[in-house]
**Student:** 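I'd like to ask you about the structure that follows.
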Amino acid sequence: MLFLPCADHGLLVELDDREAAHALYTALAADPPEGVADLVPAARTVLLLFGPGAERAAVERAVRAVRPAPGDEAAGPLVRVPVVYDGEDLGEVADLAGVSPREVVALHTGTEWTVAFGGFAPGFGYLTGGPTELIVPRRTESRTRVPAGAVGLAGEYSGVYPRSSPGGWQLIGRTELSVWDPEREPPALLRPGVRVRFEEVR
């Protein structure tokens, strides 16, 4: 683990890979060090944000003492996401995967995904755990506008665009489910640890 100061109120822990970062985040979320007000997981890091009175050295010692066990994390809540599979890139994804478009839908809905971390935009969750057939590259050219609710694939991840924005993911469908609502508590529906099942609707 590499420890890096983050301004005056945080500590960034860098790890070898996503699995190690997720395991550390899960362990710290279950028993946060004294003085830590919030935890933010990412692909290979965990950011610890300090509350009043936190001591950086004491927090670092506490993190070093943690012995996370990958795969032992408790299952998070399950969110079902209804999807119309009519995305502009569904055919291209099928070609890349070497299967039919219907098989892409079956693979995407036949898997329980897990939100590994959030990023890119408020409410955007990076979902992992999908089948290897659906590991596809990003588009060679990003779109200037992807509509809110678009469901996409990029690398090993799947995700739902929380609002209209530019984006380079392969779009396979769309959902009417709001994954980000500032008036909701918590605002983000797809938070780290949440399990996701995509369900086809017509």
Side-chain angles (χ1 to χ4, degrees), residues 15-23 25-26 41-45 70-71 73 75-180 188-202:
L15 298 109
D16 291 334
D17 52 37
R18 179 178 52 79
E19 288 76 15
H22 184 61
Y25 166 75
T26 301
R44 290 182 51 231
T45 61
E73 63 269 15
L78 177 65
V79 171
R80 298 187 183 277
V81 180
V83 179
V84 177
Y85 284 94
D86 61 356
E88 296 176 54
D89 303 316
L90 182 59
E92 183 175 345
V93 168
D95 291 342
L96 289 167
V99 300
S100 70
R102 288 305 309 161
E103 287 174 298
V104 170
V105 175
L107 288 165
H108 197 246
T109 58
T111 300
E112 184 174 279
W113 300 78
T114 302
V115 183
F117 54 92
F120 168 61
F124 189 94
Y126 286 77
L127 280 62
T128 60
T132 56
E133 294 93 334
L134 295 186
I135 297 176
V136 294
R138 291 170 54 94
R139 288 173 49 84
T140 53
E141 185 174 333
S142 294
R143 293 182 170 91
T144 56
R145 182 184 178 278
V146 174
V151 177
L153 297 166
E156 66 181 289
Y157 302 107
S158 187
V160 179
Y161 282 77
R163 63 185 183 192
S164 176
S165 67
W169 287 37
Q170 306 275 8
L171 304 183
I172 61 172
R174 55 191 165 88
T175 182
E176 296 295 324
L177 186 67
S178 174
V179 296
W180 172 258
L189 190 64
L190 304 182
R191 305 176 304 282
V194 167
R195 297 173 296 132
V196 175
R197 277 280 185 182
F198 292 101
E199 298 180 340
E200 184 179 17
V201 296
R202 298 185 182 277

**Student:** Would you name the heavy atoms of Phe117 and Pro41 that are closest together and state the gap between them?
**Tutor:** CB-O, 3.3 Å
**Student:** For residues 89-109, which residue pairs pass the side-chain hydrogen bond (donor to acceptor under 3.5 Å, both in side chains) check, not counting sequence neighbours?
**Tutor:** Tyr85-His108, Asp89-Arg139, Asp89-Arg143, Ser100-Glu103, Arg102-Glu200, His108-Ser158
**Student:** What are the two closest heavy atoms between Trp169 and Gly159, and how far apart are they?
**Tutor:** CZ3-N, 3.5 Å
**Student:** Is there a donor-acceptor contact under 3.5 Å from the side chain of Thr175 to the main chain of Pro82?
**Tutor:** yes
**Student:** Can you confirm whether Arg195 sits close enough to Trp113 that some side-chain heavy atom of one is under 4.5 Å from a side-chain heavy atom of the other?
**Tutor:** no
**Student:** What residue pairs, at least two apart or across chains, pass salt bridge (charged side-chain N to carboxylate O under 4.0 Å, His left out) with a residue in residues 149-174?
**Tutor:** Arg18-Glu156, Asp86-Arg174
**Student:** Once salt bridge (charged side-chain N to carboxylate O under 4.0 Å, His left out) is applied, do any residues pair with Asp17, and if so which ones, sequence neighbours excluded?
**Tutor:** none
**Student:** Closest approach of Leu190 and Val196, non-hydrogen atoms and distance?
**Tutor:** CD2-CG2, 3.8 Å
**Student:** Looking only at heavy atoms, which two atoms of Leu189 and Ser178 are closest? And how far apart?
**Tutor:** CD2-O, 3.9 Å
**Student:** Shortest non-hydrogen contact from Gly118 to Pro192?
**Tutor:** N-CG, 4.5 Å
**Student:** The criterion is side-chain hydrogen bond (donor to acceptor under 3.5 Å, both in side chains); which residues satisfy it with Arg44, sequence neighbours excluded?
**Tutor:** none
**Student:** Not counting sequence neighbours, which residues clear salt bridge (charged side-chain N to carboxylate O under 4.0 Å, His left out) with Arg80? List them please.
**Tutor:** Glu199
**Student:** Taking only distance into account, with no hydrogens and no angle test, what donor-acceptor pairs under 3.5 Å do side-chain atoms of residues 123-137 form with protein atoms, sequence neighbours excluded?
**Tutor:**
from: Thr128; atom 1: OG1; to: Thr114; atom 2: O; distance (Å): 3.4

**Student:** Taking C-beta and beyond as the side chain, do Leu15 and Tyr25 meet within less than 4.5 Å on heavy atoms?
**Tutor:** no
**Student:** Determine the minimum heavy-atom distance between Ala21 and Ala42, stating which atoms define it.
**Tutor:** CB-O, 4.0 Å
